[in-house]
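The structure under discussion appears below in the form of structure tokens.
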Amino acid sequence: MSTVPSRVLRFHEIGEPLEVLREERIEIADPPGGTVRVRVVATGLNPADWELCRGFMPGALPRGIGYDVAGVVEAVGDGVDPEAVRIDDVVFGTADFLRQPSAGAADVVLVNNWSHVPAGLDPVRAATLPMVVQTAAWTLEVMELKPGATLLVHGAGGMVGYAAVQIALKRGVRVVATAGPTFTADLEGFGARVTGYGDGMVDRVRALTKGADVDLVLDTPRPSPGTLPDLIALAGGDPRRVVTISNHAEARALGARVNIDELRPGRTPLTVLLAEYASLAARGTFRLPIAKTYPFEQWRDAVRLSLSGNPHGKVVLLPGREEPSA
């Protein structure tokens with residue numbers, strides 16, 4: 001078995017990301033069956049990366065960060081259809097966390113779900129898609145949205161909420177969204193009715209719905225204790241009509257739903273979602289904003305921006321780049 005050297009970001013102990021993450025050089029093995037090895041062009045960072053550092057979904061250590069990647073295939077594992085992917089193809093997808101002690105924040109990564117980057121889509125933009133699309137699309141499937149229903153997306157200025165607004169609207173759902181001013185114009189342009197967070201939010205939402213309850217609520221911000229009772233009230237007082245991606249403990253205590261508790265087999269395959277939303281993004285009919293890109297060497301700045309809680313878009317690492325770009 002051959003190996004290739006790679007810089008990686010990973011942690012050897014649980015703790016705050018900037019305290020436990022290390023830049024290291026390791027050897028990446030040939031891809032095992034069903035995977036490809038990719039020379040990374042871009043890695044999209046997500047809030048889930050920092051929760052992994054803090055102990056969410058514990059696994060063997062050391063462990064890497066960076067679920068979302070785009071890059072160039074340099075080796076193909078056994079069992080992969082040679083007609084489906086070849087050396088030098090440009091692909092994007094998800095890092096295989098289980099079979100490597102590193103992940104997508106690296107020069108080289110093993111990828112276990114992928115799709116080709118279509119013509120017209122920059123690989124950097126492709127690298128923003130996997131986790132956000134997977135979370136938004138699968139959660140909306142769990143909610144069993146019907147055309148004509150009214151959905152409240154709380155936290156639509158975050159990327160999962162931003163994606164969920166677009167996906168729900170494409171399915172014929174009426175969308176009300178809460179968001180800060182940065183992306184209000186975007187969300188209204190997609191077709192959502194938008195109001196701000198904070199005091200008076202319940203009354204403002206009811207003004208947009210002419211006093212009616214919403215049918216379903218998708219709660220997407222980072223953990224924000226104390227917000228769920230208002231969201232339950234807007235759903236007619238029924239906690240089962242509220243699904244959260246982040247406020248897990250509070251939701252379970254109040255009888256609301258947690259997306260990861262219900263994400264069982266039977267959802268649309270991730271490879272299908274990747275191909276679908278990459279195609280839409282290439283045509284300009286689905287998009288996620290990029291807050292800032294950073295060369296690998298400036299990973300600490302990238303982590304700080306993502307940890308700020310309000311980066312205004314996706315934060316992306318670009319291995320091999322020497323200067324950051326906006």
Side-chain angles (χ1 to χ4, degrees), residues 16 46-48 50-51 54 132 135-136 139-140 142-143 145 149-169 173-261 288-289 291 304-315:
E16 285 303 303
N46 293 286
W50 322 134
E51 296 309 314
R54 294 166 176 146
V132 167
T135 303
T139 302
L140 292 175
V142 162
M143 297 173 77
L145 285 171
T150 299
L151 170 71
L152 171 61
V153 179
H154 180 55
M159 292 302 94
V160 171
Y162 191 96
V165 167
Q166 296 174 76
I167 295 169
L169 288 166
V173 174
R174 294 176 295 186
V175 177
V176 177
T178 65
T182 302
F183 294 126
T184 293
D186 286 1
L187 297 165
E188 290 177 339
F190 298 145
R193 291 170 288 171
V194 185
T195 189
Y197 307 113
D199 293 344
M201 184 265 290
V202 170
D203 291 337
R204 292 194 301 275
V205 170
R206 290 205 182 279
L208 293 176
T209 63
K210 296 182 169 53
D213 294 331
V214 298
D215 296 302
L216 292 161
V217 177
L218 174 57
D219 175 48
T220 68
R222 300 184 190 212
S224 49
T227 60
L228 284 177
D230 283 346
L231 301 179
I232 292 170
L234 286 165
D238 183 355
R240 300 301 297 168
R241 286 158 55 183
V242 177
V243 179
T244 186
I245 70 169
S246 57
N247 287 301
H248 299 171
E250 185 177 19
R252 292 173 183 134
L254 293 173
R257 298 160 66 190
V258 176
N259 69 330
I260 60 172
D261 293 345
L288 296 176
R304 287 189 188 96
L305 179 59
S306 183
L307 284 170
S308 71
N310 199 17
H312 301 310
K314 290 281 290 192
V315 179

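Keep in mind the model is a prediction, meaning the values are calculated, not measured.
The shortest non-hydrogen separation linking Ala291 to Leu305 is CB-CD2, 4.5 Å. Heavy-atom minimum distance, Pro225 versus Asn247: N-OD1, 3.8 Å. Shortest non-hydrogen contact noted between Pro47 and Arg222 is CG-NH2, 3.6 Å. Closest approach of Ala164 and Ala136 over heavy atoms only: N-CB, 3.9 Å. Closest approach of Val258 and Ala251 over heavy atoms only: CG2-CB, 3.8 Å. Between Ala156 and Val165, the closest heavy-atom pair is CB-CG2, 3.9 Å.
Of the options Leu140, Val217, Asp215, a side-chain contact (heavy atoms from CB on, under 4.5 Å) to Leu151 is made by Leu140 and by none of the others.
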In a table with atom names and distances, give each donor-acceptor pair under 3.5 Å that connects a side chain of residues 188-203 to protein atoms at least two apart or in another chain.
{"unit_1": "Arg193", "atom_1": "NH1", "unit_2": "Leu208", "atom_2": "O", "d": "2.6"}
{"unit_1": "Thr195", "atom_1": "OG1", "unit_2": "Arg204", "atom_2": "NE", "d": "2.9"}

What side-chain donor-acceptor pairs closer than 3.5 Å can you find for residues 173-180, not counting sequence neighbours?
{"unit_1": "Arg174", "atom_1": "NE", "unit_2": "Gly148", "atom_2": "O", "d": "3.1"}
{"unit_1": "Arg174", "atom_1": "NE", "unit_2": "Thr150", "atom_2": "OG1", "d": "3.4"}
{"unit_1": "Arg174", "atom_1": "NH2", "unit_2": "Gly148", "atom_2": "O", "d": "2.8"}
{"unit_1": "Arg174", "atom_1": "NH2", "unit_2": "Thr150", "atom_2": "OG1", "d": "3.3"}
{"unit_1": "Thr178", "atom_1": "OG1", "unit_2": "His154", "atom_2": "ND1", "d": "2.7"}
{"unit_1": "Thr178", "atom_1": "OG1", "unit_2": "Gly155", "atom_2": "N", "d": "3.0"}

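Separation of atoms CG (Leu187) and CD (Gln166) is listed at 8.0 Å; rounding is to 0.5 Å. Summarising the geometry, atom OH belonging to Tyr162 is positioned 3.5 Å from atom CG belonging to Asp186; distances are rounded to the nearest 0.5 Å. To the nearest 0.5 Å, atoms OG1 (Thr182) and CG (Asn310) are separated by 6.0 Å. For the atom pair CG of Leu228 and OG1 of Thr244, the computed distance is 5.5 Å after rounding to the nearest 0.5 Å. Note that CE of Met143 is 10.5 Å distant from CZ of Arg241, once rounded to the nearest 0.5 Å. Rounded to the nearest 0.5 Å, atoms OG1 (Thr135) and CG (Asn46) are 7.5 Å apart.
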Audit row: Ile245, Leu218, side-chain contact (heavy atoms from CB on, under 4.5 Å) steps and yes/no:
CA-CA 8 Å; Ile245 70 169; Leu218 174 57; 4.2 Å; yes

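The closest side-chain heavy-atom distance from Met159 to Thr220 is not below 4.5 Å. Here the side chains of Val214 and Thr209 are in contact, with some heavy-atom distance below 4.5 Å. Between Glu250 and Ser224 the shortest side-chain heavy-atom distance does not fall below 4.5 Å.
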